[in-house]
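Written out below as structure tokens is the structure these notes cover.
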Amino acid sequence: MMDAYNNPSAVESGDAAVKSVDDDGREKRTGTFWTASAHIITAVIGSGVLSLAWAIAQLGWVAGTTVLVAFAIITYYTSTLLADCYRSPDSITGTRNYNYMGVVRSYLGGKKVQLCGVAQYVNLVGVTIGYTITASISLVAIGKSNCYHDKGHKAKCSVSNYPYMAAFGIVQIILSQLPNFHKLSFLSIIAAVMSFSYASIGIGLAIATVASGKIGKTELTGTVIGVDVTASEKVWKLFQAIGDIAFSYAFTTILIEIQDTLRSSPPENKVMKRASLVGVSTTTVFYILCGCIGYAAFGNQAPGDFLTDFGFYEPYWLIDFANACIALHLIGAYQVYAQPFFQFVEENCNKKWPQSNFINKEYSSKVPLLGKCRVNLFRLVWRTCYVVLTTFVAMIFPFFNAILGLLGALAFWPLTVYFPVAMHIAQAKVKKYSRRWLALNLLVLVCLIVSALAAVGSIIGLINSVKSYKPFKNLD
């Protein structure tokens with residue numbers, strides 16, 4: 001029998017197995033401020049936090065910190081607008097919307113629903129592929145770190161990514177059998193702790209480097225034309241850095257799905273706003289520390305990543321531990337981004353084939369690492385195929401991470417700015433051409449221009465990454 005999550009009408013009174021339900025007939029939500037905060041921190045503080053020194057190096061002290069703070073303020077503001085749209089038409093007593101597309105359908109409708117779906121789910125799929133690559137890079141870095149420690153920093157240490165990608169994929173196949181986002185709290189809490197751990201280690205190592213006096217040259221405006229980069233490289237890398245920072249704040253992609261895990265009292269929108277404030281402010285502090293202290297340590301030659309690009313070699317055991325924390329964090333973060341896509345596909349299949357036992361029937365079974373679970377054959381096959389496919393793509397396109405900056409730039413404007421603002425205008429009935437309406441649309445326009453420039457910079461960076469990829473070099 002289908003569980004209450006997939007089919008609200010399946011709840012039967014008198015059955016000892018029946019669970020209490022919420023006002024919409026679905027299984028009672030148990031999420032709290034703490035679990036929501038953990039989900040947000042897991043989604044926001046990715047391993048990209050360790051690349052912010054590179055972004056600050058491209059932008060400089062003034063522009064770099066300004067851009068970081070500006071994106072934090074914009075993201076928090078629009079996340080509060082989006083949180084009020086979880087229920088419609090009233091933000092407290094209205095009907096629930098279970099995902100971002102549902103919210104857009106309730107307030108805007110039309111082709112904008114499809115545009116939202118494309119922007120959101122392409123971004124989610126891209127992130128899971130990118131996380132597979134990044135996790136394998138971190139695990140490879142552990143092997144290289146030990147090699148450099150034993151043979152010297154100039155040694156040629158080569159370790160294949162493929163076995164680690166396959167191992168990461170096997171773990172994700174198991175974890176993907178968690179039925180829905182509501183069951184991810186424990187995974188997000190562990191991932192959040194891991195993210196704080198490796199970010200703190202990176203900051204600590206950078207502080208130690210600065211304290212030792214062995215620091216790189218820094219400038220108010222970042223890399224110097226004619227010394228560090230050419231004029232054209234300065235422009236494109238500056239735009240790419242903005243795109244990377246924008247992508248690092250793109251948690252609104254899954255904000256509604258996170259909000260749908262919260263218990264109904266206190267009101268979900270109020271809890272979500274508090275969680276967003278804690279998530280954005282906490283991550284911004286870490287971003288500024290990692291970016292600015294990292295830039296102070298390495299100067300204009302800051303590596304793309306402190307740990308995996310070996311900005312540090314010693315103490316090797318601490319670097320190994322930090323890279324292990326990155327891999328563990330990405331195990332949880334993969335699920336945070338994959339589950340909304342899983343549920344989107346499964347709910348549409350449930351609606352299209354409601355009588356299919358393969359799609360709807362569930363069985364009780366023991367799953368490794370997860371214990372006793374309700375197993376659905378369609379969920380088992382489809383999610384396994386998804387993980388296998390994303391792992392395969394990660395293996396054949398290891399430069400795919402360069403695409404993430406582009407996906408982030410393309411997704412930031414519609415999902416973080418345009419849709420939340422447009423839905424707020426519709427919900428609050430903001431009068432056209434009023435001061436508030438003009439201010440909100442000015443914000444949308446400015447962010448559109450910034451996203452477009454960031455996308456161009458990311459495209460240039462992607463082209464350079466593809467050209468430098470060894471198999472393509474060998475074709476010349």
Side-chain angles (χ1 to χ4, degrees), residues 42 45-54 127-175 187 190-209 286 290 293-294 297-298 302-336 369 387 390-392 394-402 404 465 469-470:
T42 298
I45 299 188
S47 59
V49 67
L50 300 172
S51 68
L52 287 174
W54 178 88
V127 169
T128 58
I129 296 171
Y131 280 175
T132 303
I133 296 169
T134 306
S136 69
I137 291 172
S138 295
L139 294 171
V140 164
I142 295 174
K144 285 185 175 181
S145 174
N146 295 334
C147 175
Y148 288 137
H149 177 73
D150 294 335
K151 300 180 180 180
H153 299 172
K154 301 295 182 180
K156 291 184 178 180
C157 298
S158 179
V159 182
S160 174
N161 290 31
Y162 298 137
Y164 295 108
M165 287 186 184
F168 185 84
I170 291 170
V171 173
Q172 293 305 335
I173 287 174
I174 296 171
L175 292 177
L187 206 56
I190 294 171
V193 172
M194 293 299 102
S195 63
F196 282 130
S197 298
Y198 67 72
S200 298
I201 291 171
I203 292 169
L205 291 171
I207 290 174
T209 300
F286 271 83
C290 275
I293 298 175
F298 297 106
D305 188 301
F306 290 1
L307 301 174
T308 59
D309 286 346
F310 291 95
F312 305 104
Y313 287 93
E314 302 291 344
Y316 79 99
W317 57 268
L318 185 60
I319 294 168
D320 287 355
F321 176 73
N323 277 307
C325 287
I326 292 175
L328 287 172
H329 166 242
L330 293 177
I331 287 173
Y334 183 104
Q335 287 299 315
V336 169
L369 301 180
V387 174
T390 55
T391 304
F392 178 70
M395 287 181 172
I396 61 175
F397 296 115
F399 55 81
F400 188 88
N401 268 347
L404 286 183
S465 295
Y469 183 46
K470 288 181 180 179

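Source: prediction; values computed, not measured. Hydrogens, waters and symmetry mates are skipped; everything else that's a heavy atom, side chains included, is used.
Considering all non-hydrogen atoms of both residues, Phe168 and Ala327 come closest at CE1-O, 4.3 Å. Nearest approach of Pro315 to Leu205, heavy atoms of both residues: CD-CD2, 4.0 Å. In plain terms, the two heavy atoms of Ile203 and Cys290 that are nearest each other are CG1-SG, 3.5 Å. The minimum heavy-atom distance linking Gly332 with Ala191 is given by the pair CA-CB, 4.2 Å. Between Tyr148 and Ala155, the shortest heavy-atom contact is CE2-O, 3.2 Å. Of all the heavy atoms in Trp54 and Ala302, the pair that sits closest is CD1-O, 3.6 Å.
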List the steps, then state whether side chain to side chain donor-acceptor pair (under 3.5 Å) holds for Ser138 with Tyr198.
CA-CA 11 Å; Ser138 295; Tyr198 67 72; over 6 Å; no

Apply side-chain contact (heavy atoms from CB on, under 4.5 Å) to the pair Ile190 and Leu328, showing each step before the final yes or no.
CA-CA 8 Å; Ile190 294 171; Leu328 287 172; 5.7 Å; no

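Rounding to the nearest 0.5 angstrom, the gap separating the CG atom in Asn323 from the CD1 atom in Ile201 is 9.0 Å. Here Ile326 contributes atom CD1 and Ile137 contributes atom CD1; the two are 10.0 Å apart, rounded to the nearest 0.5 Å. Atom CZ in Phe392 sits 12.0 Å away from atom CE in Met165 (nearest 0.5 Å). In this structure, CD1 on Ile129 lies 11.5 Å from OG1 on Thr134, to the nearest 0.5 angstrom. Note that the CG atom of Leu330 and the OG1 atom of Thr128 stand 11.5 Å from one another [nearest 0.5 Å]. To the nearest 0.5 angstrom, Ile319 atom CD1 is 10.0 Å from Trp317 atom CH2.
Put simply, the side chain of Val159 reaches to within 4.5 Å of the side chain of Tyr164, judged on heavy atoms. Using a 4.5 Å heavy-atom threshold, the side chains of Ser136 and Thr132 count as separate. Using a 4.5 Å heavy-atom cutoff, the side chains of Tyr334 and Thr390 are in contact.
Under a 3.5 Å cut-off, the side chain of Thr391 and the backbone N or O of Val387 do form a donor-acceptor pair. In terms of modelled atom types and a separation under 3.5 Å, the side chain of Ser195 and the main chain of Ala192 share a donor-acceptor contact.
The aromatic rings of Phe196 and Phe286 are tilted relative to each other, their planes meeting at an angle between 30° and 60°.
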